[in-house]
Amino acid sequence: MEGKILILGGSGFIGTHLLRKCINEGFNCLCVCLKNTNNFTKSKNVNYLKLDINDYAKVKELLGGKKFDYIVNLAGYINHINFSEGGRDTFNTHSTGLLNILQAVNLKKIKRVVQIGSSDEYGNLESPQNEFMRELPFSPYSLAKLTCTNILQMLYRTEKLPVVIIRLFLVYGEGQDFKRFLPQVIKGCLLNEKFPTTQGQQIRDFCYVDDVVEGIFKALISEERVAGEIINIASGNPIKIKTIIEKIVNIIGSGNPLYGERKYRQGESMSLYADINKARKILNWEPKINIDNGLEKTIKYYKNFFEVNK
């Protein structure tokens, strides 16, 4: 493959893995990121641009009129804050940044725009969630993600912008930030600590990052009719949070989770897992790494991380 690709949020967890895939496939990569990269997130043969995409003046100055063959939007952070607690900023971080990019760059000959959406767009809809459901966002973050979906689908309908929205469920793997759920649990177990958690009755869908990247990449280059579509990328296998924690404790052989010490998040969906038949059908994609193998790989990475950083 050849082509010039713009990856927004490319220094983040998923973006880092996607960049490596794109480099291996021969793409000319420009990574826009908000923060400086570290040794794990930085890749050779990538141009890095530190830029706040919410600042339109800067976006226009640095990216105005530039042409890309592909764009992947991974920008922004997961934040379940309520509107009254600062949710407007969360909403703007996702929706305004996307609008700024769409307005600044030259989209006339672009081959594909891939928007990374979220399972949170489904809210508390009945599982398994599928792409034909009418969404029910329950936070400024999920509303912002759905707003981006609607903006891009509108542009597909009115201007034939070749967009694909990929809805991710819970992604895990090497290099994920310690603020996220699985790295927190793995850290607590590796350090043989007591750590608070909920009762763990939430049902979730965990998909290993390499499988996720393969799904994003297939959406990026697919010659099938995928433009304008929403596609779930997930394992399709429901599993309780408590079961995941117990698997990690058993693999590591230490750690003491304190079930019930944390309350469930207000409005939290208790059952969130995907129907992935659409991804199978139009992308010819399905996950290859099961939860046990994925956890083994992930735990090995964090174990080495702690040994190196002692």
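Classified by interplanar angle (parallel below 30°, tilted 30° to 60°, perpendicular above 60°), the ring pair F178/F305 is tilted. Classified by interplanar angle (parallel below 30°, tilted 30° to 60°, perpendicular above 60°), the ring pair F181/F206 is tilted.
With a 6.0 Å radius and a threshold of 12 heavy atoms from other residues, nucleotides or ligands, N24 has its CG atom above the threshold. By the neighbour-count criterion of 12 heavy atoms within 6.0 Å, atom CZ of R280 is densely surrounded, having more than that number from other residues, nucleotides or ligands. The number of heavy-atom neighbours closer than 6.0 Å to NZ of K240, taken from other residues, nucleotides and ligands shown, is 12 or below.
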For a salt bridge (charged side-chain N to carboxylate O under 4.0 Å, His left out) check, start with the C-alpha distance between E261 and K194, then their side-chain angles and the critical distance, and finish with the verdict. CA-CA 11 Å; E261 288 293 310; K194 295 179 180 180; over 6 Å; no
Passes side chain to side chain contact (heavy atoms under 4.5 Å, CB included), L146 versus N150? Steps please. CA-CA 6 Å; L146 180 56; N150 287 331; 3.9 Å; yes
Please evaluate residues R262 and T198 with respect to the criterion side chain to side chain contact (heavy atoms under 4.5 Å, CB included), reporting the C-alpha separation (whole Å), side-chain torsions for both, the decisive distance (0.1 Å), and the verdict. CA-CA 5 Å; R262 286 187 175 175; T198 67; 4.1 Å; yes
Apply the test side chain to side chain contact (heavy atoms under 4.5 Å, CB included) to residues I239 and K247: give CA-CA distance (whole Å), side-chain angles for both, the deciding distance (0.1 Å), then the verdict. CA-CA 11 Å; I239 188 168; K247 283 180 177 290; 3.9 Å; yes
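For the atom pair CG (L258) and OG1 (T197), the distance works out to 9.0 Å, reported to the nearest 0.5 Å. Within the model, atoms CG of L102 and CD of E159 stand 9.5 Å from one another, a figure rounded to the nearest 0.5 Å. Rounding to the nearest 0.5 Å gives a distance of 9.5 Å between CG of N232 and CH2 of W285. If you take CG on L34 and CG on L49, they are separated by 11.0 Å, rounding to the nearest 0.5 Å. Put simply, NZ on K111 and NZ on K4 are 13.5 Å apart, with the number rounded to the nearest 0.5 Å. With rounding to the nearest 0.5 angstrom, the CG atom of N106 is 11.5 Å from the NZ atom of K66.
Of the possible polar contacts, none joining the H94 side chain to the T147 backbone as a donor-acceptor pair under 3.5 Å is found. Remark: the backbone N or O of G97 is paired with a side-chain donor or acceptor of N54 at under 3.5 angstrom. Judged purely by atom type and a 3.5 angstrom limit, Q202 has no side-chain atom pairing as donor or acceptor with the backbone of M270. A donor-acceptor contact shorter than 3.5 Å links the side chain of K145 to the backbone of I116. Here the side chain of D275 pairs no donor or acceptor atom with the backbone of Q129 at under 3.5 angstrom. In terms of modelled atom types and a separation under 3.5 Å, the side chain of R112 and the main chain of S222 share a donor-acceptor contact. Checked by atom type and distance alone, the side chain of D211 pairs as donor or acceptor with a backbone atom of K288 at under 3.5 Å. Panel note: side chain S254, backbone C189; a donor-acceptor pair is recorded below 3.5 Å. K278 places a side-chain N or O within 3.5 Å of a backbone atom of I230 that can act as its donor or acceptor partner. Side chain of Q153 to backbone of G228: a donor-acceptor contact under 3.5 angstrom is found.
Centroid-to-centroid, the aromatic rings of Y172 and Y208 come within less than 6.0 Å.
Checked options N47, V46, I5; the residue passing with N28 is N47 (criterion: side chain to side chain contact (heavy atoms under 4.5 Å, CB included)). Shown are N124, D205, D120, I203; of these, the side chain to side chain contact (heavy atoms under 4.5 Å, CB included) with L272 is made only by D120.
Using a 4.0 Å cut-off between charged side-chain N and carboxylate O, E135 and R167 make a salt bridge. For the pair E214 and K21, the salt-bridge criterion is met [side-chain N within less than 4.0 Å of a carboxylate O].
Contact check for K281 versus N277: no side-chain heavy atoms found under the 4.5 Å cut-off. At a threshold of 4.5 Å between non-hydrogen side-chain atoms, the residues F195 and P257 count as touching. Side-chain contact between C33 and Y48 is present, with at least one heavy-atom pair separated by less than 4.5 Å. You'll find the side chain of E61 reaches within 4.5 Å of the side chain of K58, heavy atoms only. Looking only at side-chain heavy atoms (C-beta outward), N73 and V113 stay at 4.5 Å or farther from each other. Between K242 and Y259 the shortest side-chain heavy-atom distance falls below 4.5 Å. Contact annotation: the side chain of V226 never approaches that of K218 to less than 4.5 Å [non-hydrogen atoms, C-beta and beyond]. Residues L283 and I233 are in side-chain contact: their nearest non-hydrogen atoms beyond the backbone lie under 4.5 Å apart.
I78 and V185 sit in two unconnected hydrophobic clusters of ILVMFWY residues. Membership requires side-chain heavy atoms under 4.5 Å apart, directly or through other members. Follow the hydrophobic side-chain contacts under 4.5 Å out from I216 and you reach V209 in the same cluster. Criterion: ILVMFWY side-chain heavy atoms under 4.5 Å apart, direct or through other members. Under it, L63 and I151 are part of a common hydrophobic cluster. Transitive grouping of hydrophobic side chains (ILVMFWY, heavy atoms separated by less than 4.5 Å) brings I231 and L220 into a common cluster. Put simply, V212 and Y273 are part of two different groups of oily side chains (I, L, V, M, F, W, Y) that touch within less than 4.5 Å, one to the next.
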